[in-house]
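Taking it in order: structure first as structure tokens, then the write-up.
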Amino acid sequence: MENLLRTGIREAVMSLYGTDISDDQLQIQKTRKEFEGDLTLVSFPLTAISHHSPEQTAGEIGEYLAVHLHAVSGYNVIKGFLNVTIAPAEWAKRLQKIADVSNYGFSIPEPGAETVVIEYSSPNTNKPLHLGHIRNNLLGFSLSRIFEAAGNHVIRTNIVNDRGIHICKSMVAWQKYGGGATPASTGKKGDHFVGDFYVLFEKNLKAEIEELVTSGSTPDEARDKAPLMKEARRMLLKWEAGDPETVSMWQMMNAWVYEGFDVTYRALGVVFDKIYYESDTYKVGKEIVLRSLEEGDLIRKDDGSVWIDLTADKLDQKLLLRSDGTAVYMTQDLGTAVIRYNDYHFNRHIYVVGNEQNYHFQVLALTLLRMGYDWAGGLHHFSYGMVELPEGKMKSREGTVVDADDLIAEMTETATIMSQELGKLGGYSITERENICRQIGLGALKYYILKVDPKKNMTFNPAESIDFNGNTGPFIQYTYARIRSVIKKAEETGVTDSTVTFDNANLNIKEINVIKLLNDFPSLVQEAATELSPALIANYCYDLAREFNQFYHDLSILSENDITLRSLRLKLSEMTGRVLENGLWLLGIEAPERM
RNA sequence: GGCCCUAUAGUUCAAUGGAUAGAACGCGGGUUUCCUAAACCUGAAAUUUAGGUUCGAUUCCUAGUGGGGCUACCA
């Protein structure tokens, strides 16, 4: 529609002023709601060509369009803005056209489509997932679907930080205080079971440190020589040396954690195509660092540690191997990137990781480029902001961390209570009820997080912020469920007529508003992929649901006597339902048939 | 100290350099014989400060102020 107008205006300018115009001179936007019209030309940039006032220029072009373009049914000029009205019949034609496209808005990967690796989640195996991980998982998963819908090959991947001193801490605590208990013997979820031992370790370590400090040590010294800390370090050395007993305990405890993570991932509805483990990739990282050192790209200091000098790129020197030859975080990520490139030959690799690691990912990409891996130009850090609570940052030490499993349960619970209060659950089986409430609770949670611009910090208020009214997931889900209900009723009563065409249908303003939005969806999917923005999809779904509700509210669909009109409204409803379903799909939110 | 991100109604979020800065929650007022009232309509309420670029700045640039992050031989 916009392209139609674009070429029309080009012709108009050519015929009126004898000049061709550039794209940035030709500014078309949607007409604001309060003015009459559908599309608006901003005439200010054209005054240099027309040598007339903005108003006059707009008027002349508008007149030309009204005469020469039959799709244009009218125009008005306000200040320098030319508001063009598209004939309702054009919109009806457009509706017919988009209705004929299958899998509306989604593209299928073509030969030559880009391969995109998306890494998200990236948990440590010493603690259960929390609210911060939820934002990460939801963003990562939604992005993966958006990329897929935009026609890319997508590989969803996860790097599990399964080794290191923090893992040893929970191992030490379990060995010392566990008394042979297991998740099965205690009935606890595996990740919480292990996480509790980690907390116990930290608690007892803190006590030891305090004791040492009161007997005269500095805090740093105390931390260094605390017996528990020594034990954890000893454990790490044994693990790195491949001590069979330590390794088998490590495997057992990690298996418990993975079982727990699986439950949380399933509840969140996220999946992975390939999981990498740091315990595998850090070795490759060491190898490539050492090779690169031989080739002379890196610096070895007197103590034996290996560094890369990035001062020429306005960054610092960065450690790649410790003086004792062991790997650091960066080493492991270098290895993971190289392995992944060898596995998939990706065009792009997106890391969904919090913005506190911006520096780390700058260094990572630069280091790989410096080492001669040209594909590192395709690495992209999708950096998102932190989730804060109304009372401030989440701090594990102060116990203010919001646990992922608790939150999911709480959301489902709230949905159940609200549904009961509204008397929504009559006539459903217990399984159906539970399923609907789960869908709604998670819909609320997911939408609440995804509608926010990812790069900004966000505040999450578990008590108040999650709502089921207004700009929320359940509002969109509810709209969808009502649409399904209308369609179902139409089928039951046989009022559908699929043979009707709409080419000359007489549409009102609300119907046109819905068509306009539907028309935008395919390009929006592409834009969301380009901008890496689930929020774009989320806010679009809300707009569409809201617009549809206005349409829906004061029109009778099923009881309309005019067959064409009734069919058209049903068609509009059905398409809105499909687009909402697709939009929610992109966000990883389920669309309930009833609620 | 250096580097990065951020600042919009009471609150949580929007706004490719364009018109009178949109929503939602909360607060005030209304609409149910009718396809789901978890809906719809309606009122009050905001761009951190000072400069600059521009026909036009919430948006771009510079500086200040507030908030957050990074600057580990932690991950």
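Side chains are part of it too, since the values below use all heavy atoms of this structure and drop only hydrogens, waters and symmetry mates. A quick note: this is a predicted structure, and the numbers were derived from the prediction, not measured. Reminder, nothing fancy here: chain letters follow the sequence lines and each chain counts from 1.
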- Item | Closest nucleotide among B:A75, B:U71, B:A39 to the A:N549 side chain | B:A39

- Taking only side-chain nitrogens and oxygens of A:K318, does any of them come within less than 4.0 Å of OP1 or OP2 of B:U71? no

- Donor on one side chain, acceptor on other, A:T57 and A:S43, under 3.5 Å: no

- Task: Looking only at side-chain atoms of A:V452, point me to the closest of B:C74, B:C13, B:A75.
- Result: B:C13

- Nucleotide of B:C13, B:C25, B:A75 approaching A:N161 most closely (side-chain heavy atoms): B:A75

Just the table, please: protein N/O against nucleotides 21-23 of chain B N/O, every pair under 3.5 Å.
{"residue": "B:A23", "atom": "O2'", "partner": "A:Y542", "partner atom": "OH", "Å": "3.1"}

- Item | Donor-acceptor pair under 3.5 Å, A:T472 side chain vs B:A24 base | no

- Item | Base B:A19 paired with A:K79 side chain (donor-acceptor, <3.5 Å) | no

- Task: Would you please test A:Y329 and A:H360 for ring pair (Phe, Tyr, Trp, His ring centres under 6.0 Å) and show each step?
- Result: CA-CA 9 Å; A:Y329 181 40; A:H360 172 81; 4.2 Å; yes

- Reading RNA chain B 5' to 3', what string of ( ), [ ], | and . shows its pairs, if Watson-Crick and G-U wobble pairs count only when both distances fall under 3.5 Å? (((((((..((((....[...)))).(((((.......)))))....(((((..]....))))))))))))....

- Item | Nearest to side-chain heavy atoms of A:Y552, which nucleotide of B:C25, B:G18, B:U36 | B:U36

- Query: Under 4.0 Å: is that the gap between some side-chain N or O of A:Q29 and OP1 or OP2 of B:U16?
  - Reply: no

- Task: Would you mind telling me which of B:C35, B:U12, B:G69 lies closest to the side-chain atoms of A:L558?
- Result: B:C35

- Between B:U16 atom C1' and A:Q27 atom CD, what is the distance in whole Å? 9 Å

- side chain to side chain contact (heavy atoms under 4.5 Å, CB included) against A:A173, all qualifying residues, sequence neighbours excluded: A:Y177, A:F197, A:F201

- Taking the same atom, P, in B:U16 and in B:U59, what whole-Å distance lies between them? 13 Å

- Any luck finding a side-chain donor-acceptor pair between A:Q420 and A:T416 under 3.5 Å? no

Scan nucleotides 1-3 of chain B against the protein and return all N/O pairs shorter than 3.5 Å with their distances rounded to 0.1 Å.
none

- Message: Listing request: all ring pair (Phe, Tyr, Trp, His ring centres under 6.0 Å) pairs with a residue in residues 525-547 of chain A, at least two apart in sequence or in separate chains.
- Response: A:F475-A:Y542, A:F521-A:Y540

- Tell me, please, whether A:Y282 has A:R163 positioned over its six-membered ring: NZ or CZ under 6.0 Å from the ring centre and within 45 degrees of its axis? yes

- Item | Whole-Å gap separating P (B:U32) and NE2 (A:H553) | 10 Å

- Hey, can you pull the residues of residues 478-487 of chain A with a non-hydrogen atom under 4.0 angstrom from RNA chain B? A:Y478, A:A481, A:R482, A:S485, A:V486

